[in-house]
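For clarity, every value in this text was computed on a predicted model and none was experimentally measured. For the numbers below, each heavy atom of this structure counts, side chains included, while hydrogens, waters and symmetry mates do not. When a ligand or atom number is given, it counts from 1 through the structure's own listing order.
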Amino acid sequence: GMPPRVTIWEVGPRDGLQNEATTVPVEVKLEFLDRLAAAGLTTLEATSFVHPKWVPQLADAEELLERLRPVAGVRYPVLVPNERGLDRALAAGVRHIAVFASATQAFAERNLNRGFDEQFAMFEPVVSRARREGVEVRGYLSMCFGDPWEGVVDPAQVVRAGRNLLDLGCTQLSLGDTIGVATPAGVERLVTAFTSAGTAVAELAVHFHDTYGQALANTLAALRLGVSTVDSSAGGLGGCPYAESATGNLATEDLVWLLDGLGIDHGVELDALVATSTWLAQRLGRPSPSRVVRALGG
Ligand code: HMG
Ligand code: MG
């Protein structure tokens, strides 16, 4: 059944801002993080320690963390693809990281410059060293439902890739619909395939993009199966620069509205969050795509 409480894994500062055409000034990023924490979010994916040429929008990761005003009780995970990224993250004092794999060969090549098997070989020393250092490691898996180059992705292949990440030592697995093509039946099929293969539902998170307007329906399907960690992005920002047609993430405001209606606890103050997304939309120069922000925002 449905969980009594959901952890919202806020990815706006990372998945959101990595896809902006222009780089957002570090002061704006810092204020965004402060405002998200003040709105009650307790997991803020802050940035990525990836190659600065690949994602110039997040090239200020060191400066951002140096100037971050961390709030007690809030964790600030960052993306790390390889050992060089882990060195940088550890030097910046990071305590939570996420590695990010692809369920398909085509996207592993485009996003990581690695083949399907090679990506896990790249992550292996990252995950083992991070765990030895007491750092929490989330594993993302992209293209879990469909891939722009390979089409429909076989759930058995997704389960194999996801099990690889968990077997490396990832403590959580986030199932990504990178291009937003999933529908609830596919979500049910995939979550059930994982639990049938021995993965506890508590180890799973879901990460939906809203390209086809299915993100909330997909979230509801996952909640009904007991998934209790949901990724979302304030104001519905987001996308991956290396995935064709990866548009915005599920908006955190839309998620909060759904959870409120279901009576599921989440700890977020909706008004403060809408005000934050409205403020950021002004800085980005375009309105938020979130329906809830548009309904409630000024
Ligand atoms: P590569 O070019 O193969 O790198 O890129 P390399 O290992 O061959 O190294 C080449 C040079 O880059 C070396 O320098 C390294 O030191 C340097 P040199 O010795 O030649 O002077 N280098 C680095 N510098 C800084 N930080 C680093 C780093 N690594 C190497 N971490 C690499 C391989 C993985 C680095 C590259 O492909 C990359 O950075 N990819 C990141 C792409 C990305 O961030 N995509 C978006 C995030 S994923 C996503 O959005 C999906 C998600 O939201 C879930 C979903 O929606 O599905 C998570
Ligand atoms: Mg994403």
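In terms of protein heavy-atom proximity, atom 50 (O) of ligand 1 is closest to Gln18 NE2, 2.8 Å. In terms of protein heavy-atom proximity, atom 34 (C) of ligand 1 is closest to Pro81 CB, 3.8 Å. For atom 33 (C) of ligand 1, the closest non-hydrogen atom of the protein is Leu112 O, 3.6 Å. For atom 40 (N) of ligand 1, the closest non-hydrogen atom of the protein is Asn111 O, 3.1 Å. The protein heavy-atom contact nearest to atom 29 (N) of ligand 1 is Asn82 ND2, 2.8 Å. The protein atom (non-hydrogen) at minimum distance from atom 52 (C) of ligand 1 is Arg14 NH2, 3.8 Å.
Geometric assessment of Arg291 against the ring of Trp257 yields a negative cation-pi assignment under the 6.0 Å and 45° thresholds.
No hydrogens or angles considered: nothing links the side chains of Gln119 and Ser102 as a donor-acceptor pair under 3.5 Å. Judged purely by distance below 3.5 Å, without hydrogens or angles, the side chains of Gln18 and Ser48 never pair a donor atom with an acceptor atom.
Of all atoms in ligand 1, numbered sequentially from 1 with element shown, those under 4.0 Å from a heavy atom of His209 are 56 (O). The ligand atoms of ligand 1 that sit less than 4.0 angstrom from a heavy atom of Gly85 are 31 (N). For ligand 1, the atoms sitting less than 4.0 Å from at least one non-hydrogen atom of Asn113 are 1 (P), 2 (O), 3 (O), numbered in the order shown with element in parentheses. Each of the following atoms of ligand 1 lies closer than 4.0 Å to a heavy atom of Val55: 43 (C), 44 (O).
Under the 4.0 angstrom criterion for non-hydrogen atoms, Pro52 is in contact with ligand 1. Not a single heavy atom of Lys53 sits less than 4.0 Å from an atom of ligand 1.
Backbone and side-chain nitrogen or oxygen atoms of Arg114 are examined, and one is located within less than 3.5 angstrom of a nitrogen or oxygen of ligand 1. The shortest N or O to N or O distance between Phe49 and ligand 1 is below 3.5 Å.
Distances from atom 51 (C) of ligand 1 to the heavy atoms of Ser142, Ala101, Ser48, Ser102 show the closest one on Ser142. One option in Arg84, His207, Arg88, His51 has a heavy atom closer to atom 17 (C) of ligand 1 than any other, and that option is His51.
Annotation: Glu62, atom CD; neighbour count of heavy atoms from other residues, nucleotides and ligands within 6.0 Å is above 12.
Put simply, Asp15 gets within reach of the Mg ion (ligand 2), with an N, O or S atom under 2.8 Å from it.
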